[in-house]
Every structure is written in C-alpha cells, then in structure tokens.
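Just below is one structure, and these are the notes that go with it.
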Amino acid sequence: MPSEAELTQIVADRKAKNPFHFEAERDTPMTPELIGRIERDQGIRFPTSFVRHLTTEGAGDFAFGSVYSPDPQSGWSLWKEYDYMPTMRGHLLPFSDNGCGDYYCFPI
C-alpha cells in the first residue's frame with residue numbers, strides 16, 4: 001500500500017497526465033472542523049486517509065468513481081446511501097461504490 005506522500009504524488013501525476021478525469025463535479029473540500037463536528041455528532045471516527053481526501057479533493061466524482069461525503073447536505077451524502085444498507089448500520093459505513101450497486105465501506 002502506498003504511503004500518503006506516494007498517493008499524493010500518484011494523484012498529482014494522474015491529474016497532470018489526464019486532467020479531464022478529474023474535472024467532474026465535486027463538493028468544495030470540507031474543513032477539518034466540519035468533519036470533526038460530524039464525527040462527534042455521529043459518534044464515529046473517520047479514517048485519516050478519508051479525512052485527507054475530503055479536505056483536499058472534496059466528495060463527488062473523482063477519476064472514474066465517486067467518493068461520498070459525511071455532510072448530510074452534500075449531493076454525495078453517504079447517509080443517503082446508508083439507507084440502502086439497513087442491516088449494516090452500526091457495522092459498515094459506505095464511502096464509495098463500484099458503479100454496479102456494491103459499496104466500498106469502512107468498518108465502524
């Protein structure tokens with residue numbers, strides 16, 4: 001698994017090579033304060049890599065996938081997706097999908 005610095009460089013290289021892959025609609029990057037408030041309100045802790053992505057790239061379309069947002073006001077709200085997986089509440093939290101109805105999730 002690449003380090004955070006390596007991943008940052010990989011994304012920068014891909015953006016330089018194919019910028020149109022990264023021009024789709026996304027939310028404005030979130031502030032650490034907003035993410036912290038959502039974590040406190042929900043009683044959960046998001047992985048550091050997810051927080052970093054949300055604060056640098058924002059949620060929404062990213063390359064050939066989508067990244068969900070913990071902000072309930074976002075058009076990419078993970079809470080809306082969470083409604084489709086009621087048996088997983090309290091166990092898994094969706095942060096993306098594969099485009100075929102399956103979710104990528106973080107364990108809670």
Side-chain angles (χ1 to χ4, degrees):
M1 174 176 263
S3 70
E4 185 172 329
E6 290 169 328
L7 185 56
T8 298
Q9 187 59 53
I10 290 168
V11 171
D13 291 347
R14 297 294 193 280
K15 282 182 175 182
K17 186 175 180 180
N18 296 301
F20 60 94
H21 291 172
F22 299 89
E23 294 174 352
E25 188 175 347
R26 288 200 301 266
D27 288 344
T28 302
M30 296 177 73
T31 64
E33 294 78 20
L34 176 57
I35 294 170
R37 189 187 61 178
I38 293 169
E39 287 177 322
R40 284 187 301 281
D41 290 350
Q42 295 297 324
I44 58 177
R45 198 85 162 134
F46 299 119
T48 303
S49 58
F50 184 53
V51 171
R52 188 191 65 74
H53 182 86
L54 294 172
T55 59
T56 59
E57 301 291 340
D61 293 329
F62 185 79
F64 295 104
S66 296
V67 176
Y68 299 142
S69 173
D71 182 351
Q73 303 304 314
S74 170
W76 290 278
S77 174
L78 63 83
W79 308 111
K80 181 175 68 177
E81 299 302 321
Y82 207 34
D83 289 341
Y84 294 111
M85 43 189 300
T87 61
M88 292 292 106
R89 282 192 178 273
H91 302 286
L92 298 173
L93 193 66
F95 66 90
S96 186
D97 65 57
N98 68 0
C100 296
D102 298 316
Y103 293 102
Y104 298 110
C105 299
F106 298 123
I108 300 176

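Sequence positions, counted from 1, serve as the residue numbers for this chain. Here the structure is a predicted model, which is why all the values come from computation and not from measurement. What's counted below: heavy atoms across the whole structure, side chains too, no hydrogens, waters or symmetry copies.
With sequence neighbours excluded, no residue satisfies ring pair (Phe, Tyr, Trp, His ring centres under 6.0 Å) with Tyr104. The ring pair (Phe, Tyr, Trp, His ring centres under 6.0 Å) search around Tyr68 returns none, not counting sequence neighbours.
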Kindly list each side-chain donor-acceptor pair under 3.5 angstrom involving residues 33-40, sequence neighbours excluded, with atom names and distances?
from  : atom 1 : to    : atom 2 : distance (Å)
Glu39 : OE1    : Arg45 : NH1    : 3.0
Glu39 : OE2    : Phe46 : N      : 2.8
Arg40 : NH1    : Gly36 : O      : 3.2

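For the atom pair Leu93 CG and His91 NE2, the distance stands at 12.5 Å (nearest 0.5 Å). For the atom pair Phe95 CZ and Leu54 CG, the distance stands at 11.0 Å (nearest 0.5 Å). Taking CG of Asp102 as the start and CG of Asp97 as the end, the distance is 8.5 Å to the nearest 0.5 Å. The distance from the CE atom of Met85 to the OH atom of Tyr103 is 7.5 Å, given to the nearest 0.5 Å. Met30 CE to Asp71 CG: the interatomic distance, rounded to the nearest 0.5 Å, is 5.0 Å. Here OG of Ser96 is found 9.0 Å from CZ of Phe50. Values are rounded to the nearest 0.5 Å.
Side-chain contact check for Leu78 versus Pro70: some heavy-atom pair is nearer than 4.5 Å.
Nearest approach of Glu81 to Pro94, heavy atoms of both residues: CB-CG, 4.1 Å. Residues Ser74 and Asp27 approach most closely at OG-OD2, 2.5 Å, considering heavy atoms. Closest non-hydrogen pair, Asp61 versus Ser66, comes out as OD1-OG, 3.0 Å. Residues Gly90 and Tyr82 share a closest heavy-atom pair of N-OH, 2.7 Å.
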Q) Can you list the steps and then say if Met88 with Cys105 is a side-chain contact (heavy atoms from CB on, under 4.5 Å)? A) CA-CA 10 Å; Met88 292 292 106; Cys105 299; over 6 Å; no
